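Worth saying up front: this structure is predicted, and the values here are computed from it rather than measured.
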Amino acid sequence: MTAVLFDFSGTLFRVESTESWLRGALAEAQVELAEAELVEAAQALEAMGALPGGVDPSWLPEDVASVWGVRDKSEELHRAAYTGLSRHVPLPDDRLHDLLYDRHMTPAAWGPYPDAADVLRELCERGIDVGVVSNIGWDLRPVFREHGLDPYVDTYVLSYEHGIQKPDRRLFEAACAALDAGPRDVVMVGDNRRADGGAAALGCAVHFVDHLPADQRPDALRPVLDLVVPRANGSSPGANK
């Protein structure tokens, strides 16, 4: 393999806890909530699956079900799906539903997995091209820039910018084309067997990691380094970056 595609959430980055997410939005809105009520609200938001990148919903309300399956095809659908879920949880200020959504798009809401920087840096030093392929409804590039990982990424292929979601092979085709790599020379790394596994239909190899809290997954990305070989054409590390 001479190029690597990575998923974003649950693969390279982990979103903050639902409680931290709610605390951040409350602070932004300057709204106070008793500790017991805050914890209860955070638990309810988590059960609803209202935090993008967090746990899946335990059930889908009728008003969300119609957009859930296509939520990553546009910014509008993504916001509608997740604010729709959060609005099923009573909060002390109606503004909080949009503030919660806005917060999850900030770099502060995300942290890279412990081995992400080292693995991306090593791939860059070997001259391996890297792409990020994500089902998402917003621009994640600022998250990579803020955490210092953007220099190691050659291309970002985001579902909402293409109107196509994984596992549709066309999203992987776009990523391979952006890297000028044949699918059989590419490995897709992700945490979702269905979505990320769609790359196999194109001919890419697929390597899965588990979507776990960062402190429980210190080195799951490192095996990717054994799946790739340095460029044989003598190009310098990071030449295309």
- Item | Short side-chain to backbone donor-acceptor contact, Asp115 and Leu221, under 3.5 Å | yes
- Residues forming a side chain to side chain donor-acceptor pair (under 3.5 Å) with Ser9, sequence neighbours excluded: none
- Do the side chains of Tyr101 and Thr83 get nearer than 4.5 Å, heavy atoms only? yes
- Given Leu171 and Asn135, is the side-chain contact (heavy atoms from CB on, under 4.5 Å) satisfied, shown in steps? CA-CA 9 Å; Leu171 204 62; Asn135 278 353; 4.1 Å; yes
- Query: Should the heavy atoms of other residues, nucleotides or ligands under 6.0 Å from CZ of Arg184 be counted, would the total exceed 12?
  - Reply: no
- Does any non-hydrogen side-chain atom of Leu100 lie less than 4.5 Å from one of Leu91? yes
- Item | salt bridge (Lys or Arg N to Asp or Glu O under 4.0 Å) partners of Asp180, counting only residues at least two apart | none
- Contact summary for Ile128 and Asp154, nearest pair of heavy atoms: O-OD2, 4.3 Å
- Query: Between Arg222 and Asp118, is a side-chain contact (heavy atoms from CB on, under 4.5 Å) present by the stated rule, with each step listed?
  - Reply: CA-CA 8 Å; Arg222 295 191 186 278; Asp118 288 345; 3.2 Å; yes
- Mind checking salt bridge (Lys or Arg N to Asp or Glu O under 4.0 Å) for Glu16 and listing every partner two or more places apart, or none if nothing turns up? Arg103
- Apply the test side-chain contact (heavy atoms from CB on, under 4.5 Å) to residues Leu45 and Ser86: give CA-CA distance (whole Å), side-chain angles for both, the deciding distance (0.1 Å), then the verdict. CA-CA 6 Å; Leu45 287 165; Ser86 73; 3.9 Å; yes
- Evaluate the salt bridge (Lys or Arg N to Asp or Glu O under 4.0 Å) criterion for residues Glu122 and Arg126: first the C-alpha distance (whole Å), next the side-chain angles of each, then the deciding distance (0.1 Å), finally the verdict. CA-CA 6 Å; Glu122 176 67 21; Arg126 295 187 189 182; 2.9 Å; yes
Could you pull out all donor-acceptor pairs under 3.5 Å where a side-chain atom in residues 202-216 meets a protein atom, sequence neighbours excluded?
from: His211; atom 1: ND1; to: Asp191; atom 2: OD2; distance (Å): 3.2
from: His211; atom 1: NE2; to: Arg14; atom 2: NH1; distance (Å): 3.3

- Task: Can you sort out the partners of Tyr82 under ring-ring contact (aromatic ring centres under 6.0 Å, His included), two or more places apart, ordered by chain and number?
- Result: Trp68, His78
- Query: Just how far is it from atom OG of Ser66 to atom CG of Leu60, taken to the nearest 0.5 Å?
  - Reply: 10.0 Å
- Query: Are any non-hydrogen side-chain atoms of Val186 and Leu179 less than 4.5 angstrom apart?
  - Reply: no
- Message: Within the 4.5 Å heavy-atom criterion, are Asp139 and Tyr160 side-chain neighbours or not?
- Response: yes
- Query: Under the 3.5 angstrom rule, does the side chain of Arg217 hit a backbone N or O of Gly10 as a donor-acceptor pair?
  - Reply: yes
- Would you list the pairs meeting side chain to side chain donor-acceptor pair (under 3.5 Å) in which at least one residue belongs to residues 161-172, sequence neighbours left out? Asp7-Lys166, Arg141-Glu161, Lys166-Asp196, Asp168-Arg170, Arg169-Glu173
- Note on the structure: In this structure, NZ of Lys73 is separated from CD1 of Ile164 (nearest 0.5 Å) by 8.5 Å
- Applying ring-ring contact (aromatic ring centres under 6.0 Å, His included) to Phe8 and not counting sequence neighbours gives Phe13, Trp110, Phe144
- Query: What residues form a salt bridge (Lys or Arg N to Asp or Glu O under 4.0 Å) with Asp219, not counting sequence neighbours?
  - Reply: none
- Query: Under the side chain to side chain donor-acceptor pair (under 3.5 Å) rule, what pairs show up with a residue in residues 49-63, not counting sequence neighbours?
  - Reply: Asp63-His88
- Between the side chain of Ser159 and the main-chain N/O of Ile136, is any donor-acceptor distance below 3.5 Å? yes
- Query: Restricting to pairs with a member in residues 24-43, which pass side chain to side chain donor-acceptor pair (under 3.5 Å), not counting sequence neighbours?
  - Reply: Arg23-Glu35
- Just how far is it from atom CG of Leu38 to atom CG of Leu33, taken to the nearest 0.5 Å? 5.0 Å
- Query: Looking at Pro114 and Pro218, what are the two nearest heavy atoms and their distance?
  - Reply: CB-O, 3.8 Å
- Looking only at heavy atoms, the pair that brings Ala42 and Thr18 closest together is O-CG2, 3.4 Å
- Task: Decide whether Phe6 and Leu227 are clustered together by the hydrophobic rule: side chain heavy atoms of Ile, Leu, Val, Met, Phe, Trp, Tyr closer than 4.5 Å, transitively.
- Result: yes
- Can you name the salt bridge (Lys or Arg N to Asp or Glu O under 4.0 Å) partners of Arg79, sequence neighbours left out? Asp98, Asp102
- Can you find a pair of side-chain heavy atoms, one from Pro61 and one from Leu85, that are under 4.5 Å apart? yes
- Work out which heavy atom in Val89 is nearest to a heavy atom in His97; give both atom names and the distance. O-CE1, 3.4 Å
- Message: Please enumerate all residues that pass side chain to side chain donor-acceptor pair (under 3.5 Å) together with Tyr113, with sequence neighbours excluded.
- Response: none
- Query: Which is it for Leu123 and Tyr152 under the side-chain contact (heavy atoms from CB on, under 4.5 Å) test, yes or no, and what are the steps along the way?
  - Reply: CA-CA 8 Å; Leu123 291 171; Tyr152 309 127; over 6 Å; no
- Find out whether Leu149 and Leu12 are in side-chain contact, i.e. whether some heavy atom of one side chain is under 4.5 Å from a heavy atom of the other. no
